[in-house]
Amino acid sequence: MGTAQHRTSPSSAVVASKKYQDVLARADFVLHGLSEGVTVQDADGRLVYANDAAARICNYPSARALLDASPREIMDRFDVFDELGQPVSAGRLPGRRALAGEQPDALLVRVRHRATGKTWWSMLRAHAILDDNGVPELAVNIWHDVTAQQRQRTASKFLAEATARLSASLDYEETLKSVAQALVPGLADWCGVDLVEAGISRSLAVAHVDPAKVQFARDFRLKYPPNPASKSGVANVLRTGVAELYRELSEPMLRAGARDEEHFRAIMELGITSLMVVPILVAGRAEGALTLAVAGSGHQYDEDDLALACELGRRAGTAIENARAYGSAQRAVQARDEFLAVAGHELRTPLAALMLQIESLKVAMGSGALAKDPDRFATRIDKTFGHALRLARLVDGLLDVSRIAEGPVELRLEEIDLAALVSDTCDRFTEDASHAGCELVVHRGAPCIGRWDPQRLEQIVSNLLSNAMKYGASQRIDVRCAFTETIATVSFEDRGIGIAPDDCARVFGRFERAVSERNYPGLGLGLWITRELVVAHGGSIEVKSEVGRGSTFTVCLPRR
Ligand code: ADP
């Protein structure tokens, strides 16, 4: 401190006590430029020295102003909390403890300036200076600002905790609720999660430490749902996918956003002073919003808070995406397993019959019986061929499924007469119809010319006719063709078991069935293939049905 004697008084810090003026003035030469706040207090707790950084940290305009304030006055300006959020009394501060003869550990404190709500973190250390008798007469306090590190730590902690919760279960609604709970009160006084379903947003969770306030917020939300056209808040974030930050919500701002006086009073009761709304992005689309609000803790959100909230929103979105992907993979695996089981069963039946026929033909040939009765021989060959045909149809069906599922159906369009095609296809089913005990009546009508793929149309007619015979056995079936200038329709009316209203849309899905496998074997693919083929022609298919009375499937096809 060789140059200290050239300085007559401390330039930037102020020394209050005469007794220590000299030594503190010397010390100030070193201390005034420190970024750490340094204060020295006497045995009564009064400050006798403070550097500029201490004044800055304590929100005083100058070190002089800080020194002029009484210990009570200084304490009254702030709320001081420990790491766990518990208030810290003056007696717990390291300076006081050093003066009481203890050797206090460093204390991490969160300090909130009551007037502005500004919050910061300090690592507070204190050492006693002893008098000649070894009694503490001064305490040197060092305030090290750790706000940035603490925020980083808090951010990592919240991200880690939220990520752990989000990956703990595939029930993303439950995990989002628990994330909302976890963010309160550390990151927000209020936390809300909204999700969009079928274009409508719904509040999934509201969290606050006080359950009475949660109920108030729920009632508030019911009474004042977000206006979808609003240019700010949840509705806007859901529409635009862009996060919003409101550092300080003033009364005029809140009044401007209120619908009426009652709404304004309810908003004021929520007590929100700072707010962030961030999107929950799923595959790049805002499918939800996370709202974090300050009400009472005085904190003001800034860009760092917004970045953390956005990251939380992103992770929530990823969790939703993963849960959905897992769900659909599960369903696909389940559908595949069911399909394989049913397909195996379906293929096995005609295969067993085919093998049986061939076996008995072999025996009959060996015994020379067939040579004696060529007619019986021809019938048996026909039967064998019939089983092979059924097998071939099944295999074709399966191949069709994979072809159709792979991409758009390729059509070979030709100018054809739909009425003739329907009638010819029905003719080929005459034998099957008689086996099923069905009277097949075709109302052919006038020729109906259009551009379609004849093979695909045949497949459509065959599928619907087969179903009518299967689910309407022993009953009459009417097939009708009609057309206008632009559209042709074909309907298949049976008088069979019918389909329950809840199942009517579902049965067009892949592997979807509305009957038991035992009573009606099948793969649940016919209607799916049919609909894909109709749609490929730019048409549509619908069913009208009544349980126990029958069903009518109607196919509409544009003629060009
Ligand atoms: P599958 O007949 O092999 O089960 P489909 O895709 O052709 O597959 O039909 C799906 C389901 O729709 C059937 O399982 C059945 O429940 C129902 N269904 C189809 N056609 C009819 C019909 N004409 N009458 C009653 N139910 C039908």
Side-chain angles (χ1 to χ4, degrees), residues 1 4 7-83 87-100 102-130 136-151 298-299:
M1 301 260 278
R7 289 163 53 106
T8 50
S9 72
S11 63
S12 58
V14 181
V15 177
S17 165
K18 291 244 176 315
K19 184 176 171 194
Y20 307 106
Q21 204 161 18
D22 188 41
V23 62
L24 291 174
R26 282 163 179 252
D28 178 61
F29 186 71
V30 177
L31 301 178
H32 85 277
L34 287 184
S35 58
E36 277 97 354
V38 180
T39 59
V40 180
Q41 59 189 140
D42 65 16
D44 297 329
R46 276 200 77 83
L47 292 187
V48 294
Y49 172 81
N51 70 354
D52 283 348
R56 241 186 347 264
I57 289 172
C58 295
N59 230 43
Y60 275 83
S62 66
R64 174 80 267 160
L66 176 58
L67 280 173
D68 284 347
S70 69
R72 175 85 271 142
E73 227 177 291
I74 298 170
M75 284 303 285
D76 281 352
R77 283 187 138 210
F78 305 104
D79 290 315
V80 183
F81 305 95
D82 63 16
E83 215 174 344
V88 175
S89 62
R92 265 182 79 194
L93 291 172
R96 293 290 179 95
R97 294 180 57 198
L99 286 169
E102 297 177 39
Q103 286 192 328
D105 287 334
L107 181 68
L108 179 64
V109 289
R110 182 165 62 87
V111 186
R112 190 171 74 96
H113 188 234
R114 283 186 185 156
T116 60
K118 195 179 154 215
T119 302
W120 64 94
W121 287 85
S122 272
M123 187 60 85
L124 194 50
R125 288 189 182 79
H127 303 280
I129 296 176
L130 308 179
E137 63 175 340
L138 291 177
V140 180
N141 298 297
I142 300 166
W143 299 74
H144 182 58
D145 184 18
V146 289
T147 309
Q149 295 93 312
Q150 202 55 27
R151 282 188 135 198
H299 179 64

So, the side chain of R96 versus the backbone of G45: is there a donor-acceptor pair under 3.5 Å, distance only? no
Short question: side chain of S122, backbone of D145 - any donor-acceptor pair under 3.5 Å? no
Look up atom [atom1] in [X] and atom [atom2] in [Y], then write down how far apart they are to the nearest 0.5 Å.
{"X": "M123", "Y": "E36", "atom1": "CE", "atom2": "CD", "result": "11.5 Å"}
{"X": "D28", "Y": "Y49", "atom1": "CG", "atom2": "OH", "result": "3.5 Å"}
{"X": "E73", "Y": "L66", "atom1": "CD", "atom2": "CG", "result": "10.0 Å"}
{"X": "Q150", "Y": "T119", "atom1": "CD", "atom2": "OG1", "result": "12.5 Å"}
{"X": "Q103", "Y": "H127", "atom1": "CD", "atom2": "NE2", "result": "9.5 Å"}

Should the heavy atoms of other residues, nucleotides or ligands under 6.0 Å from CG of D105 be counted, would the total exceed 12? no
List the atom of [X], the atom of [Y], and the distance in Å for their closest heavy-atom pair.
{"X": "T147", "Y": "W121", "result": "OG1-N, 3.0 Å"}
{"X": "S35", "Y": "A53", "result": "O-CB, 3.5 Å"}
{"X": "L99", "Y": "A43", "result": "CD2-CA, 4.0 Å"}
{"X": "A55", "Y": "A63", "result": "CB-N, 3.5 Å"}
{"X": "A98", "Y": "A128", "result": "O-CB, 3.7 Å"}
{"X": "F81", "Y": "V88", "result": "C-CG2, 3.6 Å"}

In N51, L138, N141, the residue satisfying side chain to side chain contact (heavy atoms under 4.5 Å, CB included) with V40 is L138
Salt bridge (charged side-chain N to carboxylate O under 4.0 Å, His left out) for D52 and R56? Distances and angles first, verdict last. CA-CA 6 Å; D52 283 348; R56 241 186 347 264; 5.6 Å; no
Sequence-distant partners of R97, salt bridge (Lys or Arg N to Asp or Glu O under 4.0 Å), two or more places apart: E102
According to salt bridge (Lys or Arg N to Asp or Glu O under 4.0 Å), who are the partners of R77, at least two apart in sequence or on a separate chain? none
Non-neighbouring partners of H113 that pass ring-ring contact (aromatic ring centres under 6.0 Å, His included), sequence neighbours left out: F78
Contact check, side chains of [X] and [Y], non-hydrogen atoms, under 4.5 Å:
{"X": "Y60", "Y": "I74", "value": "yes"}
{"X": "V80", "Y": "R92", "value": "no"}
{"X": "Q41", "Y": "L93", "value": "no"}

